[in-house]
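All residue numbers refer to positions in the sequence shown, counting from 1. Atoms considered below: every heavy atom in the structure, side chains included; atoms not considered: hydrogens, waters and symmetry mates.
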Amino acid sequence: METLDLIQKLLVVLVCLYLSWRIIRYLWSFVDVEKDPLIVLVSGAAGQIGCALLPMIARGAMLGPDQPVIIHMLDIEPTAEILKGVKLELMDGAFPLLKGVICTTDVIEACKGVDIAIMLGGFPRRKDDNKGLIFKNIGIYKAQASALEQHADSNCKVLVVANPANTNALILKEFAPSIPEENITSLTRLDHNRALNQISENLNVHVGDVRNVIIWGNHSSNLYPDANHATVNTGVGYKSAKELISDDHWLHTDFISNVQTRGQTIIQARRLSCAFSAATAVCDHMRDWIIGTPKGTWVSMGVYSDGSYGIQPGLIYSFPVTCEKGEWSIVQGLKIDEFAREKMDALEKELIEEKTVAYSSLSSLH
C-alpha cells in the first residue's frame, strides 16, 4: 500500500513538472520574438573592403547570429552599376538575417534611419601622407556628416575607416554635432589584430591564445603597437607575452615595424590593398562595441580622448578599451614605460598637427 502511494505521488510530481514545462514554453514563445532589424550604412560599398564586409554583416558576423539587418549601400555615381551588382549578389546569398538592401548614390537616402554607419568611403591613400588626404576628404565627410546629423537615428554609432581615419572622424563630428562624441570612433582594430598575429607567430601559439595588445594613437605609418601588457594562454593560465618572448630588441624594432608596414607588405604580395582582413576588423570592432568585450580582454579603438594617459582631450586617439552594453570605457591604470611614453607623445603631436590642418580647412567651409 505504501509503495502504491509513493508511485501515485511520484506520478503527480511528474505530471506537475510536465505541465509546468509546457506552461513555461508557452509563455516563453511570447518573449522569444525576433529582434527588430538594425539599419547599417556602408559608405564606399562598391570597393574592395565593402564587398568583403557586406556578406559578413548579412551573415551576422558583425552584430550576432540573431540580429536582423537592413543594409544601406552608398558610393559615388560612377559606381552605380557596380552597386547594383553587389546588391544582386547579396540577394542571391539568401541570408536569413538580411531584411532589406538599398543601394544608392544619394547620401540623404543612404542615411535615413541609420543605426550604425561604417564609413569606408574616401580618397585612397596613394602614398603615406595623411595631411594631404585631409584636404581631399573634408568635402566628402562634410556631406556625409550633415546627412547623418539630419536623417540618422539619434543614437547612431559611427565607425570611420577611410584614411586618415582619426582625423576624418573629427571632421565628421564637427558637422554632426548632435551625434554623441562617444558614438564616433575610428578603426585601429586591424592594427590590433596584426599585432596579435605577430606575437602568435613569434611564440608559435594560436592567435586566439593572445590577448591585450594595445594600439596607441593614430592609424598612420607611425602607429605604436604595444605588447607590454599582452598575455598568452599557456594552457595553465595566462602569462606575460613580454616575458615569454624575452627579446626587448624584437619588441622595440621588428614587432613594431612589421605591424606598421603590414598593409604595404600585402599590397606588394597581392597587388591590391587588404580587403577581408580589414572587413574582419570592422566586424570585430562593432561586435565588441555593441555586444561587449570578453571578460578579461580589452581591444583597441580610436575614441574621443578624455585626458587619459596625459593625451590632449578632444583628439580621437586609439586607446585600450573595454565595452559593455554598447558603451566603451578606456582601460585605466596601466604602467607606461619611457619607450611607450615617447611613442604615445609623438602620436599625440601628430594628431594635433592633423587636427590643426583639418580645422584650418574647415574654417573655409562653415
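When side chains are defined from C-beta on, Met73 counts as touching Leu90, because their heavy atoms get closer than 4.5 Å. Side-chain atoms of Ser200 and Leu196, non-hydrogen and from C-beta on, never get closer than 4.5 Å to each other. When side chains are defined from C-beta on, Leu187 does not count as touching Val160, because their heavy atoms never get closer than 4.5 Å. Inter-residue side-chain proximity for Leu172 and Val158 is flagged as met; some heavy-atom pair is nearer than 4.5 Å. Looking at heavy atoms from C-beta onward, Leu74 lies in side-chain contact with Leu41 at the 4.5 angstrom threshold. When side chains are defined from C-beta on, Ile71 counts as touching Leu54, because their heavy atoms get closer than 4.5 Å. A heavy-atom distance below 4.5 Å is found between the side chains of Lys242 and Asp248.
Side chains of Ser308 and Gln332: a donor-acceptor N/O pair is present below 3.5 angstrom, by distance only. No hydrogens or angles considered: nothing links the side chains of Asn166 and His219 as a donor-acceptor pair under 3.5 Å. Side-chain contact check for His285 and Thr185: at least one donor-acceptor pair (N or O, by modelled atom type) lies under 3.5 Å. For the residue pair Glu354/Asn218, the side-chain donor-acceptor check at 3.5 Å is satisfied. Side-chain atoms of Asp153 and Asn155 form no donor-acceptor pair, as typed in the model, at a separation below 3.5 Å. Looking only at atom types and distance, the side chain of Tyr359 has a donor-acceptor partner in the side chain of Glu174 under 3.5 Å away. For the residue pair Glu350 / Ser220, a side-chain donor-acceptor distance below 3.5 Å is found, with atom types taken as modelled. When only modelled atom types and interatomic distance are considered, Thr105 and Glu77 share a side-chain donor-acceptor pair under 3.5 Å.
Cluster membership check: Met119 shares its hydrophobic cluster with Ile134, using side-chain heavy-atom separations under 4.5 Å among Ile, Leu, Val, Met, Phe, Trp and Tyr. Hydrophobic clustering (ILVMFWY, side-chain heavy atoms < 4.5 Å, transitive): Leu98 and Val282 are in one cluster. Residues Tyr304 and Val321 do not share a hydrophobic cluster, defined by chaining ILVMFWY side chains whose heavy atoms lie under 4.5 Å apart. A continuous path of ILVMFWY side-chain contacts below 4.5 Å connects Val232 to Leu334, so both sit in one hydrophobic cluster.
Checked against the 6.0 Å centroid criterion, the rings of Trp216 and Tyr309 qualify as a close aromatic pair.
Judged by distance alone, with hydrogens and angles left aside, the side-chain atoms of Asp75 form a donor-acceptor pair with the main-chain N or O of Ala45 at under 3.5 Å. Checking side-chain atoms of Ser318 against main-chain N and O of Ile215 turns up a donor-acceptor pair under 3.5 Å. At least one donor-acceptor pair under 3.5 Å links the side chain of Lys173 to the backbone N or O of Pro177. The backbone N or O of Leu120 lies less than 3.5 Å from a partner atom in the side chain of Ser43, making a donor-acceptor pair. No donor-acceptor pair closer than 3.5 Å links the side chain of Thr297 to the backbone N or O of Arg211. Side-chain N or O atoms of Asn137 include none that pairs as donor or acceptor with a backbone N or O of Ile140 at under 3.5 Å.
Residues Ala145 and Ala176 come closest through the heavy atom pair O-CB, 3.6 Å.
No more than 12 heavy atoms of other residues, nucleotides or ligands lie within 6.0 Å of CD in Glu342, so this atom counts as exposed by the packing criterion. More than 12 heavy atoms of other residues, nucleotides or ligands shown are found within 6.0 angstrom of CD on Gln150. Sparse packing is recorded around CD of Glu89, with 12 or fewer heavy atoms of other residues, nucleotides or ligands lying under 6.0 Å away. Summarising the local packing, CZ of Arg59 is surrounded by 12 or fewer heavy atoms from other residues, nucleotides or ligands at distances under 6.0 Å. Taking a 6.0 Å sphere around CZ of Phe276, one finds it holds 12 or fewer heavy atoms contributed by other residues, nucleotides or ligands.
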Step by step, work out the side chain to side chain donor-acceptor pair (under 3.5 Å) result for Asn193 and Arg189. CA-CA 6 Å; Asn193 289 349; Arg189 185 60 176 269; 3.2 Å; yes
Working note: Glu81 + Lys84, criterion salt bridge (charged side-chain N to carboxylate O under 4.0 Å, His left out); need CA distance, chi angles, decisive distance, verdict. CA-CA 5 Å; Glu81 287 301 311; Lys84 290 179 183 178; 3.3 Å; yes
Begin with the C-alpha distance, continue with both residues' side-chain angles, and end with the deciding distance and a verdict on salt bridge (charged side-chain N to carboxylate O under 4.0 Å, His left out) for Lys35 and Asp66. CA-CA 7 Å; Lys35 295 179 179 179; Asp66 62 346; 3.4 Å; yes
Passes side-chain contact (heavy atoms from CB on, under 4.5 Å), Val40 versus Met62? Steps please. CA-CA 10 Å; Val40 181; Met62 189 171 85; 3.9 Å; yes
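We find that Arg341 and Asp345 are joined by a salt bridge, their nearest charged nitrogen and carboxylate oxygen being less than 4.0 Å apart.
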